[in-house]
Amino acid sequence: MEKIALPKGTRDFGPEQMAKRQFIIDSIKKVFQKYGFQPLETPAMENLSTLTGKYGEEGDQLLFKILNSGDFLKDASQPNLEARNSKLLTPDISEKGLRYDLTVPFARYVVMNRHEIVFPFRRYQIQPVWRADRPQKGRYREFYQCDADVVGTDSLVCEAEIILMIKDSFKSLGINDYTIKINHRDILSGLAEMIGATGNESSLFVAIDKLDKIGEEKVKEELKARGFNESSLPVLFETLNFQGNIQQKVEWLSKKMTSSEKGKKGLNDLTTVFSLLQTFGSTDEHVELDLALARGLSYYTGCIFEVKINHVAIGSVSGGGRYDNLTAVFDAKEKSSGVGFSFGIDRLYDALEELNAFPKNTTTSTTVLITHLDEGSFPFALKIGQAFREKEICCEIYPDRLKIKKQMEYADRKKIPFVVVVGPEEVQSGLLTVKNMETGNQSKLSLDEVVAMILDFNSKIFKHK
RNA sequence: GCGGGCAUAGCUCAGUUGGUUAGAGCAUCAGAUUGUGAUUCUGAGGGUCGUGGGUUCGAGCCCCAUUGCUCGCCCCA
């Protein structure tokens, strides 16, 4: 047999999977819209110059590059070709790449359309992104992101709203046990100042970000390996390990960070966000100030978010933060502040599956199958089918004349709840034989009676959701 | 880019110290039932044991290589 397979790290989504994915996407989309976000789509491919240099050196390596069309070697430089230097040759033979995330294309869109856009601009975007890294559990080469960003304001109301949106989304997804971790870039800087690691920030952050994953001892080891003075570690871990609610943590940190202007600013921001959250009528339930949280270090400048579902062996399902300089990457004059976050649909899917938390009726299937017994009944079957559709009942007519058994089997396998049998008797009497596939009950009813019965059935199913 | 594990029917897997014709469950198809699914019974089809080489009288099993998948590391949703 010829080997037929998908590229590594990519997947098909069959009808049942699509139903579940749509459930996730619809739930999140509704929340985004409720908070005034508008949809945006951008092309799968961007100019490579738009993408490169935005994700750090590692990120550039993970970009999928698209080979130029036609004679792509035509413009390749002879020395690079002869040296077989892939890195130098790439710009000669590839000028487009697949998008790596949705934030950079969004920034590109904002800069290109700044004169038309009404600021502050709220957009959401649900599209696949591609990364050429090694697939593993919960990690794919093609996956969907579900972003919502506000650009053109530095109001901390947006941060508070992000927390509200995350809570709303999880509520409609039926997930109750989760943690929204929040931190602030400036608090991290304050922390670095506290232990005298100002010149060595990113090295420090990358290490402490692993705290909950690899544990205190390993982080200490890594810090030592990265050249941190052992004497600074007790202060660091005393801070990281401080237990308490958000207010207690903020108060405690305020006393410790008196000398750090940045640290104070970060703490002020967080305090404001939480007081806004309360003004909104919400609480800090599910929210945790995690001083070890350090993500998106190359572009986040303010609050940082990350969401984990508890007791599920899957990494973070959502993350985000504020970035002051994102648009400046495309135009130095353009310095609009933005804040946004993103859900990873694929991971949410895996998590919901693991929690067995999908609602029962996510699959949208046909409600009625019309079967027919002979050629003479077929036109009648077609008419009946169309009558159901006019009443907004999802209906299909079995297209081939097969044994009734086969047609029944089809309904059973597709989990169609009702089957109408049309034969000579029905054509003559005008009454329909309708079978409830779940109970096995069968009765002869007029078309109107069948329609009423099915509409009643549908309304009950709907309530179940 | 680095390391570990696995590869036998469409799927999930058995397969004894290396020994005749490689098995099971599920799935598929047909029949029992020519106007009734799921349940039951009967039967059938389906395999280059990932690929290439080696050891051996003999390899699904042992050795080497290779490819694919998979789980970790770096990084990340």
Side-chain angles (χ1 to χ4, degrees), chain A residues 1-10 24 28 55-63 86-87 99-103 126-147 202 205-207 209-210 213-214 218 222 225 294-298 305-309 313-321 340-351 369 371-374 376-377 398 401-427 432-444:
Chain A
M1 188 175 71
E2 204 178 323
K3 271 181 195 165
I4 160 171
L6 285 171
K8 203 187 294 190
T10 68
I24 296 173
I28 293 170
Y55 310 103
E57 210 169 310
E58 294 255 7
D60 284 354
Q61 299 216 306
L62 298 180
L63 284 173
S86 312
K87 214 170 179 179
R99 76 167 97 78
Y100 178 91
D101 71 357
L102 300 178
T103 313
I126 302 173
Q127 288 190 277
V129 302
W130 294 271
R131 295 185 188 178
D133 70 352
R134 195 146 193 165
Q136 39 187 282
K137 191 175 176 142
R139 204 165 164 186
Y140 308 97
R141 287 182 139 176
E142 177 186 66
F143 61 96
Y144 278 69
Q145 283 189 334
C146 203
D147 275 34
S202 55
F205 300 157
V206 168
D209 187 47
K210 297 176 188 167
K213 201 172 176 184
I214 63 176
K218 296 253 172 157
E222 192 166 331
R295 62 192 319 281
L297 295 167
S298 51
F305 304 98
E306 183 166 291
V307 185
K308 289 201 75 170
I309 299 175
I314 285 166
S316 66
V317 293
S318 174
F341 74 113
S342 174
F343 284 111
I345 295 179
D346 309 86
R347 285 191 175 177
L348 279 172
Y349 184 103
D350 291 346
L369 176 75
T371 63
H372 62 286
L373 296 168
D374 55 18
S377 321
Y398 199 87
R401 187 148 46 85
L402 290 188
K403 288 180 191 173
I404 185 73
K405 178 192 171 102
K406 288 284 157 205
Q407 302 185 49
M408 284 283 178
E409 207 172 288
Y410 173 82
D412 183 56
R413 293 194 55 180
K414 275 191 76 176
K415 296 193 166 57
I416 297 173
F418 294 100
V419 171
V420 166
V421 183
V422 173
E425 284 177 35
E426 286 78 9
V427 174
L432 303 179
T433 299
V434 57
K435 177 164 183 169
N436 180 322
M437 294 297 278
E438 202 186 328
T439 63
N441 292 340
Q442 188 167 311
S443 44
K444 287 204 168 188

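Below, all heavy atoms of this structure are taken into account, side chains as well, without hydrogens, waters or symmetry copies. Naming: A, B, ... by sequence-line order, numbering from 1 per chain.
B:rC75 is unpaired under the Watson-Crick or G-U wobble criterion, no partner having all donor-acceptor distances under 3.5 Å. The base-pairing partner of B:rA14, taking Watson-Crick or G-U wobble contacts with both distances under 3.5 Å, does not exist among the strands shown. Pairing of B:rA44, defined by two Watson-Crick or G-U wobble distances under 3.5 Å, is identified with B:rU28. Using Watson-Crick or G-U wobble geometry with both donor-acceptor distances under 3.5 Å, B:rC69 finds its partner in B:rG5.
In this structure, the side chains of A:M408 and A:V421 come closer than 4.5 Å at one or more pairs of heavy atoms. Using a 4.5 Å heavy-atom cutoff, the side chains of A:Q127 and A:L102 are in contact.
Taking atom C1' on both B:rG45 and B:rA7, the two are 25 Å apart, rounded to the nearest angstrom. Using C1' as the reference atom, B:rG50 and B:rA9 are 14 Å apart when rounded to the nearest Å.
If you check every strand for non-hydrogen atoms under 4.0 Å, A:Y140 touches a base. Using a 4.0 Å heavy-atom distance criterion, A:V419 is classed as making no nucleic acid contact. A:E425 comes within 4.0 angstrom of a base, heavy atoms only.
An OP1 or OP2 oxygen of B:rA77 is reached within less than 4.0 angstrom by no side-chain nitrogen or oxygen of A:K308.
By the 5.5 angstrom centroid cut-off and the 30-degree plane limit, A:Y410 is classified as not stacked against the base of B:rG37.
A donor-acceptor pair under 3.5 Å links the side-chain atoms of A:Q407 to the main chain of A:L402, judged by distance alone. Panel note: side chain A:E438, backbone A:P417; no donor-acceptor pair is recorded below 3.5 Å.
For A:V421, whose side chain is taken as the heavy atoms from C-beta onward, the closest listed nucleotide among B:rC74, B:rU36, B:rA38 is B:rU36. In this structure, of B:rG35, B:rA38, B:rC73, it is B:rC73 that holds the atom nearest to the side chain of A:Q136. Here the side chain of A:K8 is nearest to one of B:rC69, B:rG37, B:rG35, namely B:rC69. With distances taken from any side-chain atom of A:K210 to the nucleotides B:rC75, B:rA77, B:rU70, the minimum falls on B:rC75.
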Polar atom pairs (N or O), protein with nucleotides 1-6 of chain B, under 3.5 Å:
from: B:rC2; atom 1: N4; to: A:R134; atom 2: NH1; distance (Å): 2.8

Would you tabulate the nitrogen or oxygen pairs shorter than 3.5 Å linking the protein to nucleotides 27-33 of chain B?
from: B:rU28; atom 1: OP1; to: A:R413; atom 2: NH1; distance (Å): 3.2
from: B:rA30; atom 1: OP2; to: A:K406; atom 2: NZ; distance (Å): 3.0

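Partners of A:D346 by salt bridge (charged side-chain N to carboxylate O under 4.0 Å, His left out), not counting sequence neighbours, listed by chain and number: A:R11, A:R21.
Rounded to whole angstrom, the span from the CG atom of A:L6 across to the C1' atom of B:rG68 amounts to 13 Å.
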